[in-house]
Amino acid sequence: MEVVIVPDARAGGELIAEAMAQLLRRKPDALLGVATGSTPLPVYQALAAKVAAGTVDTARTRVAQLDEYVGLPADHPESYRSVLAREVLAPLGIAKAAFLGPDGSAEDVRAACTGYDAALAAAGGVDLQLLGIGTDGHIGFNEPCSSLASRTRIKTLTEQTREDNARFFGGDVDQVPYHVITQGIGTILEARHLVLLATGEGKADAVAATVEGPLAAVCPASALQLHPHATVVVDEPAAAKLKLAGYFRHAYAHKPDWQGL
Ligand code: GLP
């Protein structure tokens with residue numbers, strides 16, 4: 001995988017937004033896989049600025065959801081469908097009709113999961129999947145020891161993840177659902193390009209395990225080691241525990257421009 005160390009979150013957002021913009025110029029109906037959480041916000045802000053400036057056109061862009069809470073009505077403000085409508089679709093001027101996501105309030109959750117995998121395949125697959133990372137190394141909501149071959153399915157959150165996400169529910173952990181639907185690790189690995197953004201010192205251990213640790217289900221993000229085109233973008237605090245940071249900086253500084261991200 002490629003590791004790019006950037007000065008701060010804003011620079012990471014700009015770098016990834018430019019990669020998305022280049023993809024959309026090449027393939028205007030690309031399917032962008034998007035993530036929730038605080039980390040990807042600078043990406044969406046930088047891409048929205050490009051749309052506003054007219055340097056990228058999202059008229060045909062499609063967007064796919066990574067994961068969802070089970071049991072929250074779709075119109076709950078913290079359902080990931082609502083969050084993405086607010087943070088991605090609206091600022092990028094993308095219609096809800098161009099959005100793909102699993103129904104977390106479905107009565108038959110299993111059918112919602114297999115149906116979502118089928119919908120992604122029918123849509124031609126995800127072109128670029130943006131990922132954040134949990135403090136325990138989770139991607140999407142694939143908690144530690146998720147199968148590296150998993151498909152979209154229901155998972156139970158760790159208490160750590162529920163506590164981490166309580167801030168979106170007024171700080172009340174009791175409001176955070178126990179169950180979620182998440183694209184499986186096998187599903188995520190089918191995207192053509194994986195881009196993981198991690199910022200802040202709280203992510204430094206998870207980043208080191210992802211990039212330099214063994215390929216292991218205990219650190220779900222380490223599955224990126226299996227992908228032929230995976231890019232990990234980290235700010236300085238998140239890069240603090242990388243032993244090979246010097247090499248990563250050197251490689252990126254000498255990267256041919258034509259390669260892009
Ligand atoms: C949630 C999401 C993940 C995200 C993670 C980290 O658990 N399901 O996709 O990567 O939070 O969030 P943050 O970026 O806010 O640290």
Side-chain angles (χ1 to χ4, degrees), residues 2-67 77-101 123 126-133 139-140 167-168 191-203 207 229-239 248-249 252-253 255-261:
E2 177 179 33
V3 180
V4 183
I5 301 171
V6 292
D8 52 34
R10 194 187 160 104
E14 178 55 38
L15 183 72
I16 297 171
E18 184 50 33
M20 288 176 164
Q22 284 175 15
L23 167 66
L24 293 173
R25 288 177 201 127
R26 228 172 33 240
K27 185 176 179 183
D29 65 345
L31 182 56
L32 289 183
V34 293
T36 52
S38 315
T39 311
L41 294 177
V43 178
Y44 306 141
Q45 282 154 8
L47 191 56
K50 292 178 195 295
V51 173
T55 57
V56 61
D57 181 1
T58 51
R60 295 173 58 202
T61 306
R62 298 168 301 148
V63 169
Q65 187 172 357
L66 183 60
D67 48 12
E78 291 309 324
S79 78
Y80 279 176
R81 184 178 291 251
S82 300
V83 170
L84 292 171
R86 245 180 359 248
E87 293 175 351
V88 179
L89 300 183
L92 297 184
I94 297 172
K96 284 190 179 168
F99 177 77
L100 283 177
V126 173
D127 289 291
L128 185 157
Q129 177 65 57
L130 179 61
L131 297 165
I133 187 168
I139 48 174
R167 67 189 194 280
F168 297 112
R192 293 178 188 88
H193 184 191
L194 298 180
V195 180
L196 186 149
L197 176 62
T199 52
E201 62 181 341
K203 301 293 174 68
V207 166
H229 190 185
T231 310
V232 176
V233 179
V234 284
D235 68 357
E236 293 287 347
F248 298 138
R249 289 183 214 281
Y252 188 65
K255 185 175 182 174
D257 280 344
W258 56 264
Q259 272 192 322
L261 206 56

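These numbers come from the heavy atoms of this one structure, side chains and all, not from hydrogens, waters or symmetry mates. For this chain, numbers begin at 1 and follow the sequence in order.
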Subject >> L15 and V233: CA distance, side-chain angles, deciding distance, side-chain contact (heavy atoms from CB on, under 4.5 Å) verdict >> reply: CA-CA 9 Å; L15 183 72; V233 179; 4.2 Å; yes
**OP:** List the atom of G132, the atom of A35, and the distance in Å for their closest heavy-atom pair.
**Re:** N-CB, 4.1 Å
Subject >> Closest approach of G37 to L41 (non-hydrogen atoms, all atoms of both residues) >> reply: O-CG, 4.0 Å
**OP:** Decide yes or no for L66 and Q129: does some side-chain heavy atom of the first lie under 4.5 Å from some side-chain heavy atom of the second?
**Re:** yes
Original post:
Any side-chain heavy atom of E236 within less than 4.5 Å of one from I5?
Top reply: yes
Original post:
Which pair of heavy atoms, one from L31 and one from A123, lies closest together, and at what distance?
Top reply: CD2-CB, 4.0 Å
**OP:** Without swapping roles, check the side chain of H229 against the backbone of L261 for a donor-acceptor pair under 3.5 Å.
**Re:** yes
Subject >> Student check: side-chain heavy atoms of L197 and I16 closer than 4.5 Å >> reply: yes
**OP:** Measure the shortest side-chain to side-chain distance between K203 and T39 over non-hydrogen atoms and say whether it is less than 4.5 angstrom.
**Re:** yes
Subject >> Residues, nucleotides or ligands: over 12 heavy atoms within 6.0 Å of Q22 CD >> reply: yes
Original post:
By salt bridge (Lys or Arg N to Asp or Glu O under 4.0 Å), which residues pair with R86, not counting sequence neighbours?
Top reply: E78
Original post:
L23 and R26: side-chain contact (heavy atoms from CB on, under 4.5 Å), yes or no, with the steps?
Top reply: CA-CA 5 Å; L23 167 66; R26 228 172 33 240; 3.5 Å; yes
**OP:** Report the C-alpha separation of L100 and R62 in whole Å, then their side-chain angles, then the decisive distance to 0.1 Å, and conclude whether the side-chain contact (heavy atoms from CB on, under 4.5 Å) test is met.
**Re:** CA-CA 8 Å; L100 283 177; R62 298 168 301 148; 5.9 Å; no
**OP:** Calculate, to the nearest 0.5 Å, the distance between atoms CG and CZ belonging to L194 and R192 respectively.
**Re:** 11.5 Å
Original post:
Within the side chain of T36, is there an N or O that forms a donor-acceptor pair under 3.5 Å with the backbone of Y80?
Top reply: no
**OP:** Only one of V43, V63, L130 passes side-chain contact (heavy atoms from CB on, under 4.5 Å) with V34; say which it is.
**Re:** V63
Subject >> Partner set under side-chain hydrogen bond (donor to acceptor under 3.5 Å, both in side chains) for Q65, not counting sequence neighbours >> reply: E68
Subject >> Heavy-atom pair of closest approach, residues P91 and A85 >> reply: CD-O, 4.4 Å
**OP:** Tell me, with the steps shown, if V207 and V3 meet side-chain contact (heavy atoms from CB on, under 4.5 Å).
**Re:** CA-CA 10 Å; V207 166; V3 180; over 6 Å; no
Subject >> Test item: D235 side-chain N/O and G200 main-chain N/O as donor-acceptor pair under 3.5 Å >> reply: yes
Original post:
If you look at every heavy atom in A198 and A238, which pair is closest and at what distance?
Top reply: O-CB, 3.5 Å
**OP:** List the atom of T55, the atom of R25, and the distance in Å for their closest heavy-atom pair.
**Re:** O-NE, 3.0 Å
Subject >> Minimum side-chain heavy-atom gap P77-F168 below 4.5 Å >> reply: no
Cut-off 3.5 Å, no hydrogens considered: what does the side-chain donor-acceptor table look like for residues 45-53, sequence neighbours left out?
unit_1: K50; atom_1: NZ; unit_2: E14; atom_2: OE2; d: 2.8
unit_1: K50; atom_1: NZ; unit_2: E18; atom_2: OE1; d: 2.9

Subject >> Value rounded to 0.5 Å, distance of CG in D127 from CG in L32 >> reply: 7.5 Å
Original post:
To the nearest 0.5 Å, what is the distance between OG1 (T199) and CZ (R10)?
Top reply: 14.0 Å
